[in-house]
Amino acid sequence: SASSSLFFSRARRAFTLIELLVVIAIIAILIALLVPAVQKVRSSASNLQCKNNLKQVALALHGYHDANKVFPVGQANDFLSNSTGTPAMNWIRGCWAHFILPYMDQGPVYQSFEVSNKITNWALLCDNKDTIIRAFVCPSDPNGARTKTNDTNVCQPSGATLMQGMHINYVVCSGSTVYGNGQNLNGMFYVRSRTHLTDVTDGTSNTLMVSEICLSPDVTANDLRGRYSNSWEGNNWFSTVYPPNTSVPDVQTYQGQSIKQAPMTNSGGLANTFLAARSNHDGAVNAALGDGSVRTIANSVDAIVYKALGTRATGDVVGEY
């Protein structure tokens with residue numbers, strides 16, 4: 001009848017199995033196209049934030065230099081020692097990162113270190129050393145923005161059990177060689193270094209000042225890399241002896257946790273110790289030069305050029321990179 005025909009014509013037809021599979025396939029294709037785009041945007045944002053952080057660190061180093069006519073020391077104490085020289089400068093286990101805190105809007109954190117240091121002479125003994133300072137953290141590193149749990153080892157004063165403190169991703173350049181005893185290296189920072197801008201005769205725009213490292217999860221091992229309140233053997237520096245993200249493992253004398261992005265081996269002595277610049281960015285690291293500018297340096301950079309970038313006063317000619 002006419003009424004029944006009208007009823008069936010108005011009835012809603014369900015999806016067939018084939019139509020449903022087509023819709024699911026289209027959604028899957030859209031997701032497959034969208035995910036890489038989102039990841040690329042996220043990676044670009046992290047890379048930009050990393051560069052901004054490096055810029056802030058570089059400006060803080062220059063702020064310190066403007067106020068004190070010298071850059072801060074690379075590390076206050078001798079390697080594998082609690083000695084800070086004669087006359088003693090205190091700040092045992094301290095490094096350059098402490099001294100630029102007032103120039104990074106971290107005055108209260110610096111004051112807590114200053115007060116503790118006047119009482120104990122140890123940066124390691126400050127209660128606030130586990131304070132997370134975001135400008136020291138690369139957002140591309142999944143192991144950034146963390147602090148070490150309590151740990152007892154021979155590096156502590158009198159074997160004490162202490163909170164080891166925050167680890168940082170940004171490190172200063174010690175030069176183009178392995179560390180040795182950490183003194184009188186050819187970069188801008190080393191043990192008790194007192195580098196002036198006028199000492200950088202290779203040109204500040206041709207000399208690396210700061211770059212980045214990857215941190216380990218440090219769950220089962222006591223990895224010193226990046227631990228700025230327990231500076232022991234240049235664990236807050238990097239060298240240009242090998243290119244960025246080299247497959248050659250970092251070398252330290254004391255403990256560590258080797259991971260894919262930051263391999264590490266332990267050495268029986270100081271002769272070959274070094275850290276390389278490393279990152280989770282795609283095929284490169286970010287770095288700040290002595291003039292405060294920030295550059296991206298590819299893993300494929302010419303090895304001779306990269307070594308020349310690490311030195312402050314050797315007369316090396318820096319080519320394109």
Side-chain angles (χ1 to χ4, degrees), residues 53-85 87-138 144-148 155-157 162-174 182-183 187-195 209-213 215 224-238 275 288:
N53 289 347
L54 279 165
K55 186 72 171 181
Q56 187 173 348
V57 172
L59 291 177
L61 285 166
H62 276 277
Y64 181 94
H65 186 282
D66 289 346
N68 298 277
K69 310 307 178 188
V70 67
F71 286 108
V73 297
Q75 178 173 305
N77 48 287
D78 291 332
F79 274 14
L80 313 186
S81 169
N82 295 323
S83 170
T84 58
M89 69 168 295
N90 302 325
W91 288 90
I92 301 172
R93 309 295 178 83
C95 69
W96 59 272
H98 295 95
F99 300 106
I100 67 171
L101 289 173
Y103 307 95
M104 299 181 67
D105 294 326
Q106 295 294 333
V109 178
Y110 176 79
Q111 286 302 319
S112 66
F113 276 106
E114 181 82 341
V115 170
S116 177
N117 186 64
K118 287 180 179 178
I119 297 172
T120 68
N121 298 333
W122 286 74
L124 180 60
L125 297 179
C126 178
D127 291 336
N128 288 337
K129 61 184 177 294
D130 58 341
T131 301
I132 299 296
I133 301 169
R134 290 289 170 181
F136 281 148
V137 177
C138 175
R146 64 179 177 79
T147 60
K148 180 67 172 71
C155 280
Q156 312 298 0
L162 300 167
M163 177 66 78
Q164 296 296 302
M166 181 195 177
H167 293 58
I168 64 179
N169 286 108
Y170 301 117
V171 288
V172 293
C173 187
S174 66
Q183 299 181 19
M188 291 180 64
F189 298 90
Y190 45 90
V191 169
R192 292 192 296 279
S193 56
R194 291 185 58 81
T195 304
M209 185 164 64
V210 193
S211 191
E212 52 184 326
I213 59 171
L215 302 176
L224 292 179
R225 288 177 292 183
R227 190 178 300 172
Y228 85 112
S229 290
N230 194 359
S231 298
W232 187 238
E233 51 180 312
N235 40 291
N236 296 290
W237 310 345
F238 78 100
L275 299 186

Should the heavy atoms of other residues, nucleotides or ligands under 6.0 Å from CG of Asn68 be counted, would the total exceed 12?
yes
Taken to the nearest 0.5 Å, the spacing of Trp91 CH2 from Cys126 SG works out to 8.0 Å
To the nearest 0.5 Å, atom CG of Asp66 lies from atom CG of Leu61 at 11.0 Å
Counting distance only, does the side-chain N/O of Thr131 pair as donor-acceptor with the main-chain N or O of Asn128 below 3.5 Å?
yes
Work out which heavy atom in Gly182 is nearest to a heavy atom in Tyr190; give both atom names and the distance.
O-CB, 3.2 Å
Are the side chains of Met188 and Val172 in contact, using a 4.5 Å heavy-atom criterion?
no
Does the Asn235 side chain pair with the main chain of Arg227, one donor and one acceptor, at a distance under 3.5 Å?
yes
From CA spacing to verdict: side-chain contact (heavy atoms from CB on, under 4.5 Å), Phe71, His62:
CA-CA 7 Å; Phe71 286 108; His62 276 277; 4.0 Å; yes
Side-chain heavy-atom pair Phe113, Asp127 within 4.5 angstrom cut-off
no
Separation of Gln183 CD from Phe79 CZ (nearest 0.5 Å)
8.5 Å
What distance do Tyr103 atom OH and Gln56 atom CD have between them, rounded to the nearest 0.5 Å?
14.5 Å
Measure the shortest side-chain to side-chain distance between Tyr170 and Leu54 over non-hydrogen atoms and say whether it is less than 4.5 angstrom.
yes
For a quick test of reading the model, state the closest non-hydrogen atom pair linking Phe99 to Cys95 and the distance between them.
CD1-O, 3.3 Å
Evaluate Thr195 against His65 for side-chain hydrogen bond (donor to acceptor under 3.5 Å, both in side chains), listing each step before the verdict.
CA-CA 9 Å; Thr195 304; His65 186 282; over 6 Å; no
Would you mind reporting whether Leu101 and Phe136 have side-chain heavy atoms less than 4.5 Å apart?
yes
Working for side-chain contact (heavy atoms from CB on, under 4.5 Å), residues Val57 and Trp96:
CA-CA 11 Å; Val57 172; Trp96 59 272; 3.9 Å; yes
Any chance you could measure Ser174, atom OG, to Phe238, atom CZ, to the nearest 0.5 Å?
7.5 Å
Return the minimal non-hydrogen interatomic distance between Arg225 and His167, and the atom names on each side.
O-CD2, 3.4 Å
Identified ring-ring contact (aromatic ring centres under 6.0 Å, His included) partner of His98 from the options Trp122, Tyr228, Tyr64
Tyr228
Are the side chain of Ser193 and the backbone N or O of Gly74 linked by a donor-acceptor pair below 3.5 Å?
yes
Could you grab the distance from atom CG of Asn236 to atom CG of Asn169, nearest 0.5 Å is fine?
11.0 Å
Any side-chain heavy-atom pair of Ile100 and Pro72 under 4.5 Å
yes
Looking only at heavy atoms, what is the nearest atom pair of Lys129 and Ser229, with distance?
CB-OG, 3.5 Å
Of the options Val191, Thr84, Asn90, which is the one that meets Asn77 in a side-chain contact (heavy atoms from CB on, under 4.5 Å)?
Thr84
Could you report the tightest heavy-atom contact between Met166 and Ile132, atom names first, then the distance?
SD-CA, 4.0 Å
Exercise: identify the closest heavy-atom pair between Ala135 and Met104:
CB-CE, 3.5 Å
